[in-house]
Each structure stands twice: as structure tokens, then as C-alpha cells.
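Following: one structure in C-alpha cells, then a few remarks.
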Amino acid sequence: IVLGEELGYGSSMLYAGARVPQILQILRSQRVVDLSLALFGLTIAGNVTSVASVVTYSSDQVFLMNEIPFLLASAGPILFDCVIAALIVRFSAAPPAPATPAARDRTTQL
């Protein structure tokens with residue numbers, strides 16, 4: 001049981017932590033051209049549903065304690081996905097960043 005619990009916590013951290021590089025990349029580049037708001041909206045809805053299904057299944061404290069790794073795996077990414085969704089909305093409305101001279105030269109050569 002301990003190994004399964006440890007794997008659950010590890011999975012939770014990796015699953016939630018996988019969003020951090022995406023958030024940093026968006027903040028650095030201020031570009032969200034290839035990101036889908038619908039994808040993150042559906043991911044948020046799926047994770048909220050997953051948390052709700054566990055919490056509404058039983059209010060037994062022992063059951064909920066055993067489900068903590070799975071709750072974290074679903075609840076943790078909700079915050080990160082909301083941040084990404086907000087960044088998509090924010091930077092989709094912004095005008096595109098000016099192209100660098102090298103990028104302009106490549107497009108004129110095509």
C-alpha cells in the first residue's frame with residue numbers, strides 16, 4: 001500500500017508540474033497562437049468532475065484520506081489550467097509582438 005501511495009503522490013506532482021514550463025513559456029513569449037482555450041476548459045471541467053466524484057462518493061474520513069493522491073492529481077492542475085486559460089485570453093486579445101528582422105527576412109524570401 002505504501003508503494004502505491006508514493007506512486008500516487010509522485011504522479012500528482014508530475015501531472016501538475018507539467019504545466020509550469022508551459023506557463024513560463026507563455027509569460028516569456030507572450031504568445032498563445034498554438035494553444036486551445038477549449039482544451040484547457042475541458043481539462044478543467046474533467047478535473048473538477050473527477051474531484052467531485054471522489055468527494056461526493058463518500059464522506060468517510062478513512063476513504064478520503066486514501067484518496068488524497070488522486071484528489072491532488074485532479075485538484076492540483078485545476079489552478080495551473082486556470083492560469084493557462086487566463087493567459088490564453090489575455091494574450092489572444094493582445095496584438096502580436098513585432099517580428100524580429102531575421103523573421104521578416106525569412107518570410108519575404110518565401
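Numbers here simply count residues along the sequence, with the first being 1. Atoms considered below: every heavy atom in the structure, side chains included; atoms not considered: hydrogens, waters and symmetry mates.
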Legend entry - Single-linkage hydrophobic cluster, 4.5 Å side-chain cutoff, Leu24 and Tyr15 together: no
Legend entry - Minimum side-chain heavy-atom gap Phe63-Val54 below 4.5 Å: yes
Legend entry - Ser92 side chain to Val89 backbone, donor-acceptor under 3.5 Å: no
Inset, instruction - First locate atom CD of Gln22, then atom CZ of Arg19, and finally report the distance between them rounded to the nearest 0.5 Å. - result: 10.0 Å
Legend entry - Minimum heavy-atom distance Asn47-Pro77, with the two atoms named: ND2-CB, 3.9 Å
Inset, instruction - Please answer whether the main-chain N or O of Ala45 pairs with a side-chain N or O of Thr49 as donor and acceptor at a distance below 3.5 Å. - result: yes
Legend entry - same_hphob_cluster(Leu27, Val20) at 4.5 Å side-chain heavy-atom cutoff: yes
Legend entry - Cluster overlap Phe80 with Leu37, hydrophobic side-chain contacts below 4.5 Å: yes
Inset, instruction - Measure the shortest side-chain to side-chain distance between Leu87 and Leu35 over non-hydrogen atoms and say whether it is less than 4.5 angstrom. - result: no
Inset, instruction - Nearest 0.5 Å please: distance from the OG atom of Ser29 over to the CZ atom of Phe91. - result: 8.0 Å
Legend entry - Atom pair CZ/CD1 of Arg90 and Ile88 - distance to nearest 0.5 Å: 13.5 Å
Legend entry - Trace of the side-chain contact (heavy atoms from CB on, under 4.5 Å) decision for Val55 with Leu71: CA-CA 9 Å; Val55 173; Leu71 288 170; 4.1 Å; yes
Legend entry - hydrophobic_cluster_shared for Ile23 and Leu79, side chain cutoff 4.5 Å: no
Legend entry - Ile78 to Ser74 - nearest heavy-atom pair and separation: CG1-O, 3.3 Å
Inset, instruction - Consider only side-chain heavy atoms of I, L, V, M, F, W and Y, link residues closer than 4.5 Å, and tell whether Val51 and Tyr57 are in one cluster. - result: yes
Inset, instruction - Please check if the side chain of Thr43 supplies one atom and the backbone of Leu39 the other of a donor-acceptor pair under 3.5 Å. - result: yes
